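Worksheet: the structure to be examined is printed underneath.
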Amino acid sequence: MCGIIGYVGSRQAKEILIDGLTRLEYRGYDSAGLVTLNDGAVIVKTEGKVDELKKRLENKPVDGKIGIAHTRWATHGEPSERNAHPHSDEKRQIFVVHNGIIENYKHLKDELIKKGHKFASDTDTEVLAHLIEEDYKGNLEQAVASALSLVRGTYGLAVISCLETDKIVVARSGSPLLVGLGNDENIVASDVSAIIRYTKEVVYLEEREIAVVKKDGFHSFSGKSAKDRVALVEWEIEQAEKGGFPHFMLKEIFEQPKVVEDSIRGRLIEEDGLAKLGGLEEVKDRLGKCERLIITACGTAYYAGLVGEYLFEEYGGLPTEVEYASEFRYRKPIIERDKTAFLAISQSGETADTLAAVCEAKRKGALVLGIVNVVGSTIARETDAGVYNHAGPEIGVASTKAFISQLAVLFLFTLMIGRQREMSFVTGRKIAGHIKRLPNQINSILTQDEKIKEIAQKYAKYNDFLYISRKYNFPIALEGALKLKEISYIHAEGYPSGEMKHGPIALIDENFPTIAIIPKDSVYEKTISNLEEIKARKGKIIAVATEGDEEIQNVADDVIYIPETLEMLTPIFSVVPLQLLAYYIAVIRGKDVDKPRNLAKSVTVE
Ligand code: F6R
């Protein structure tokens, strides 16, 4: 949440800061601001999106070869110009941009007020600027270090000062920060998408690390030199651009066949009915001895975890439970050392609750694994072993391609643990053969784009939707409902079809359409009965069904077909029409699909 970019080098900072903010905007977009240093400081801030900041900057001389900037998702203090970052001390000599939350800011603020400090905003961040000023004795990094020693909470931050105009001081604790290394310039950012246009060489700050970044160097308080820590970013700049699509979300939906191909490439051994996940090789034997698996995640990633539960129990023979990370971290989970494995699923690898759950599971002695998309992210580094999704950067706030890649990795994971346990070679080979065909089959769903758009036109006027399914596709009902809620602000609920009679059927009438995911699977007949009950109450039905199923047309008002595959693999198909449906309904209703209200990519605060 929130985006940070900072520049120090031989070019004018403004263009790089603005370009960085534009690329980071998916992280938060309720206000934005920047400061550059030349002969004194130029600070420009606005409420609203980065475009507003750009307008404010038109014809304004903003010189300086060093600067920091921020795009905000409000935690403390309403979205407004006065609460936008950067924040400064009263003398306007020290400037701070910050992601995270300073939990003890009220106490610190009261103490500072007693000492005569006057505050200009309602934010927790401003406290940092005043603390640094208070501790400043001629060395900015020392002042930052002693200010941070008083702070409780999370932070990724960048600090510059008119008193030392050649350096950016950066620090992190629980919120990511990295330094992109260039020629005669260095760029600080909270996310690689902001720097890949300029450099692929990055140093990820470690937990509680403080460092000084100058145009020709990086110096960490930890004493570790940049040279030994440089990582190469594999993402290409084109992946972080819209490439002719009106929205990132649509582009990312259409990328999904390739994403699945990338997720399974080199990992599927079809002829042997096996999956080889390089990142798990070292812990494979330990995993083989585990008697229980706990999956934890948030939001869309949690729904992928729910699919994982069905997969691992049916095909892996591994008792599995799935829990919201936000709940897991505050429970007293029973973890048996050497017998419990723990799997965190996260696109960003930075979700605060998931990270806290990972740390708790580690502390209790579980074998901690991850399925993570962002290479080098905190969860990827904190887990004992893991698998990267290879989905590329996901910019649309509503997760689509990352979810698909999580499913693809879970299929491989199932094959791996299944074959380690009871699964036969014949079953393994059958599953592997079907997994291999997935990318082409997803492509065929995307060709129905126009038809789905028409269905969206027909239903966009409704204000409530019910999503139902059973077994492997029950989590997809939840995911479909979440997609619609997030980007169109329409009320939508996901339920297991079997729960209808226990309450939700009371909602059904001609104004409450149901979206039913009903592939030809082992529970098809059961779901058909549920649909009959809905139809009998005048409920409209959109069905996502298997190609060739004509019977479904007798009960559904509209049908979207998905290709035939194994029951266990159907979620990776059924989610695609639901993503498109949510997308088109949101577009028809005039919503900002890529930047839905109140949301931001990567929830790095609790
Ligand atoms: C929904 C969505 C969120 C995320 C959730 C977890 O479209 O994007 O629900 O899935 O915040 O994020 P990660 O996967 O980054 O841990």
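Just follow the structure's listing: the first ligand is 1, and inside any ligand the first atom is 1. The chain is numbered in sequence order, starting from 1. As the structure is a prediction and not an experimental result, all values here were calculated from the model.
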Query raised in the report: Would you call Lys453-Glu450 a salt bridge at under 4.0 Å N-O?
Result: yes
Report task. Taking the side chain as every heavy atom from C-beta outward, state whether Glu323 and Arg331 have any atom pair closer than 4.5 Å. Result -> yes
Query - Full working for side chain to side chain contact (heavy atoms under 4.5 Å, CB included) between Leu280 and Leu369 - result: CA-CA 8 Å; Leu280 298 183; Leu369 311 174; 4.0 Å; yes
Query raised in the report: What are the atoms of ligand 1, with element, lying closer than 4.0 Å to any heavy atom of Gln347?
Result: 13 (P), 14 (O), 15 (O), 16 (O)
Report task. Just jot down the ligand 1 atoms closer than 4.0 angstrom to any heavy atom of Lys483, in number order. Result -> 1 (C), 7 (O)
Requested in this report: Identify the protein heavy atom lying closest to atom 10 (O) of ligand 1, giving its residue, its atom name and the separation to 0.1 Å.
Outcome: Thr300 N, 3.2 Å
Query raised in the report: Which protein non-hydrogen atom lies closest to atom 16 (O) of ligand 1, naming both residue and atom, and how far is it?
Result: Thr351 OG1, 2.4 Å
Query - Subset of ligand 1 atoms that lie under 4.0 Å from at least one heavy atom of Ala301 - result: 10 (O), 14 (O)
Query raised in the report: Atoms of ligand 1 less than 4.0 Å from Ala398 heavy atoms?
Result: 7 (O)
Report task. Looking only at protein heavy atoms, identify the closest one to atom 11 (O) of ligand 1 and say how far it is in Å. Result -> Val603 CG2, 4.0 Å
Report summary line: When Thr565, Leu569, Thr414 are each screened for side-chain contact (heavy atoms from CB on, under 4.5 Å) with Ile435, the one that passes is Leu569
Query raised in the report: In the protein, what heavy atom is nearest to atom 5 (C) of ligand 1, and what distance, to one decimal place, separates them?
Result: Cys298 O, 3.5 Å
Query - ligand 1 atoms in contact with Ser348 (distance to a heavy atom under 4.0 Å) - result: 13 (P), 15 (O), 16 (O)
Requested in this report: Return yes if a side-chain donor-acceptor contact under 3.5 Å exists between Tyr29 and Asp592, otherwise no.
Outcome: no
Report summary line: So for Val397 against ligand 1, with non-hydrogen atoms under 4.0 Å, the contacting part is backbone
Query raised in the report: So which of Leu306, Leu410, Ile431 actually passes side-chain contact (heavy atoms from CB on, under 4.5 Å) with Leu311?
Result: Leu410
Report task. Would you check, one step at a time, whether the test side chain to side chain contact (heavy atoms under 4.5 Å, CB included) holds for Thr123 with Arg72? Result -> CA-CA 11 Å; Thr123 64; Arg72 179 170 185 250; 4.0 Å; yes
Query raised in the report: Under a 4.0 Å N-O cut-off, is there an ion pair linking Lys451 with Glu454?
Result: no
Query raised in the report: Taking heavy atoms and a distance under 4.0 Å, where does Glu350 meet ligand 1: side chain, backbone, both or neither?
Result: neither
Query raised in the report: Would Tyr26 and Glu394 count as having a side-chain donor-acceptor pair, cut-off 3.5 Å?
Result: no
Report summary line: The atoms of ligand 1 lying under 4.0 Å from a heavy atom of Glu486, numbered in the order shown, are 1 (C), 2 (C), 7 (O)
Query raised in the report: Which ligand 1 atoms does Gly299 reach within 4.0 Å, using its non-hydrogen atoms?
Result: 9 (O)
